[in-house]
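Chain letters run A, B, ... following the sequence lines, proteins first, then strands; residues in each count from 1.
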Protein chains: 2
Amino acid sequence: MKPPASIRLKPDQPETGKSPGLRNRPRKVAESIKDWITDQNLVPGDRLPQEQELIKTFAVSKGTAREALKVLETQGLIQTRTGPGGGAFITEMPASRARALLANHFFFKNLTISDIYELRQALEPEMAANLAIQLGDQEIATLEKTMVVYDHPPKTIEEEQQQRIAELEFHERLAEFSTNPLQGFICGFLISLLKDLAVCRRIYTRPNPELRERGLSYQAQLIEAFREKDANAAQSIMRAHMASAKRLMEVQEAIVNRGFLPG
Amino acid sequence: MKPPASIRLKPDQPETGKSPGLRNRPRKVAESIKDWITDQNLVPGDRLPQEQELIKTFAVSKGTAREALKVLETQGLIQTRTGPGGGAFITEMPASRARALLANHFFFKNLTISDIYELRQALEPEMAANLAIQLGDQEIATLEKTMVVYDHPPKTIEEEQQQRIAELEFHERLAEFSTNPLQGFICGFLISLLKDLAVCRRIYTRPNPELRERGLSYQAQLIEAFREKDANAAQSIMRAHMASAKRLMEVQEAIVNRGFLPG
DNA sequence: AGATATTTGTTCGTATGTATT
DNA sequence: TAATACATACGAACAAATATC
């Protein structure tokens, strides 16, 4: 259990230079602890020194040390446990937290449906091709289990919305299966945006039978291509799927944005 | 100055449920403040209530309130200023911080050159096509200014390395020019990985004339396509550029990983 | 330019909650 | 169950930064 980190932990802000001495100490302490982590080649599961020891080592007060640890915890680098043998433990940042942090960056950016689908269109076909030669029966079964949620017309508006989420989760599963961590994370992030974006939430509350039927058809074809391990087929099916979904969603976005909607 | 956020600020961890009462209060306070921000439709530049007021409002101690603010600061949501009229101000998270936070997630994931270039190959050609019909003379001039750093063979190892970085910065500029915030950010993030990844740093210290010459040629063609606003040409040039760079870098990665290297 | 008021930043002592043994 | 070790929380006092007069 040694393989050290492949990326250097970099400071969050490139050292503004104009903090004369004592300002923002917790942040600096946090950076020092990061350096210490890399120096010691610590891996997830390892424990940091205890609070008192950190206080002595870095010559700061308890409050400052705690704030520094809070920084690292927020960054997803450590988790703390109470009790004997407790303390701060190196941890791998779960994708969910990484997504949440990243979403903050786009909070005021006013993303559009088109922005998101442009990337899905660029990424998911390739991902589908990769998955075709890789997925086993069990994974394919998981995908099919997700599909049963929307393999029939919705009876209520609530079911309509649940089906939309389930359709997205089909693609979320695909992302989880990706062996390229970057590809998997980014595709998953795009899905999470589609789940959270205010525009999307509004769109999902409106009936849209075409989106469901087409999606279902494409996904069924996709499963078939996965079964036959046909990468080319999977790629072109996904390409068509994304192009179709993009078009339909953009129409909905335009309608919703023009306020042709109750509420 | 009203347009409210388009994405809901979501809690970082999906509420484990097993924290009975007093545990992890700062995090909960931070979440409450987030809710308050969304409720009030605050935009970057707006000020949060002062420390003392937060302490009263949320009925916590100063230390806890400060830790909560630290969380929000780490998430890039606020910045604080001292002095009269000071306090915590809503702020837009700079891309640099978002990149740093995201990089933490991949810290223990052992990304490979191939992982990164698979995505560049999928994203940058499309981006180039978009930019072709959008870039003005001034932006193109900026790109050309970056290129002069590596338009000649390097004389020293240090220059070699500087040239590699400059080549990457050419693409970083492209990402900055993108009008799709997602596309721009992700392409920029991939570049930043290539700058920081330990494998890459090692690769860049070795002479590699082919990489430079080919890159230079492709980028010159790209500039030409931008000038003529030829989206198709830009796209296919970038596709070829990425394919070529991917191949060359993978070869280098294999060599470096086998330890055929001094040091 | 300098004094002052305001607000965040830091420290310390103490008390409490919580998990392990 | 009790003891213990540790994180967590509180409040008061002090230090530093900065805007305003």
Non-neighbouring partners of B/Glu144 that pass salt bridge (Lys or Arg N to Asp or Glu O under 4.0 Å), sequence neighbours left out
B/Arg227
Report the distance from atom [atom1] of [X] to atom [atom2] of [N], rounded to the nearest whole Å.
X	N	atom1	atom2	answer
B/Lys28	D/dT8	NZ	P	13 Å
B/Leu69	C/dT10	CG	P	13 Å
A/Arg27	C/dT10	CZ	P	12 Å
A/Glu67	D/dA9	CD	P	13 Å
B/Ile78	C/dT8	CD1	P	11 Å
A/Lys70	C/dG9	NZ	C1'	18 Å
B/Asn24	D/dA9	CG	C1'	12 Å
A/Gln52	C/dT11	CD	P	13 Å

Near DNA chain C, counting only heavy atoms under 4.0 Å, which residues of residues 53-62 of chain B show up?
B/Lys62
Side chains of [X] and [Y]: is there a donor and an acceptor less than 3.5 Å apart?
X	Y	result
A/Thr112	A/Asp115	yes
B/Asn130	A/Glu118	yes
B/Tyr117	B/Arg120	yes

When B/Lys195 is tested against each of B/Arg164, B/Arg201, B/Glu172 for side chain to side chain contact (heavy atoms under 4.5 Å, CB included), which residue passes?
B/Glu172
Is a side-chain donor or acceptor of A/Glu67 paired with a backbone partner of A/Pro26 at a separation under 3.5 angstrom?
no
Is any side-chain N or O of A/Arg66 closer than 4.0 Å to OP1 or OP2 of C/dT10?
no
Does B/Thr64 make a side-chain N or O approach to OP1 or OP2 of D/dT8 shorter than 4.0 Å?
no
Measure the acute angle between the ring planes of A/Phe185 and B/His105, then classify it against the limits of 30° and 60° as parallel, tilted or perpendicular.
tilted
Which protein N or O atoms sit under 3.5 Å from an N or O of nucleotides 4-7 of chain C?
from  : atom 1 : to      : atom 2 : distance (Å)
C/dT6 : O2     : B/Pro84 : N      : 3.4
C/dT7 : OP1    : B/Gln50 : NE2    : 2.8
C/dT7 : O5'    : B/Gln50 : NE2    : 3.0
C/dT7 : O4'    : B/Gly83 : O      : 3.2
C/dT7 : O2     : B/Gly83 : N      : 3.3

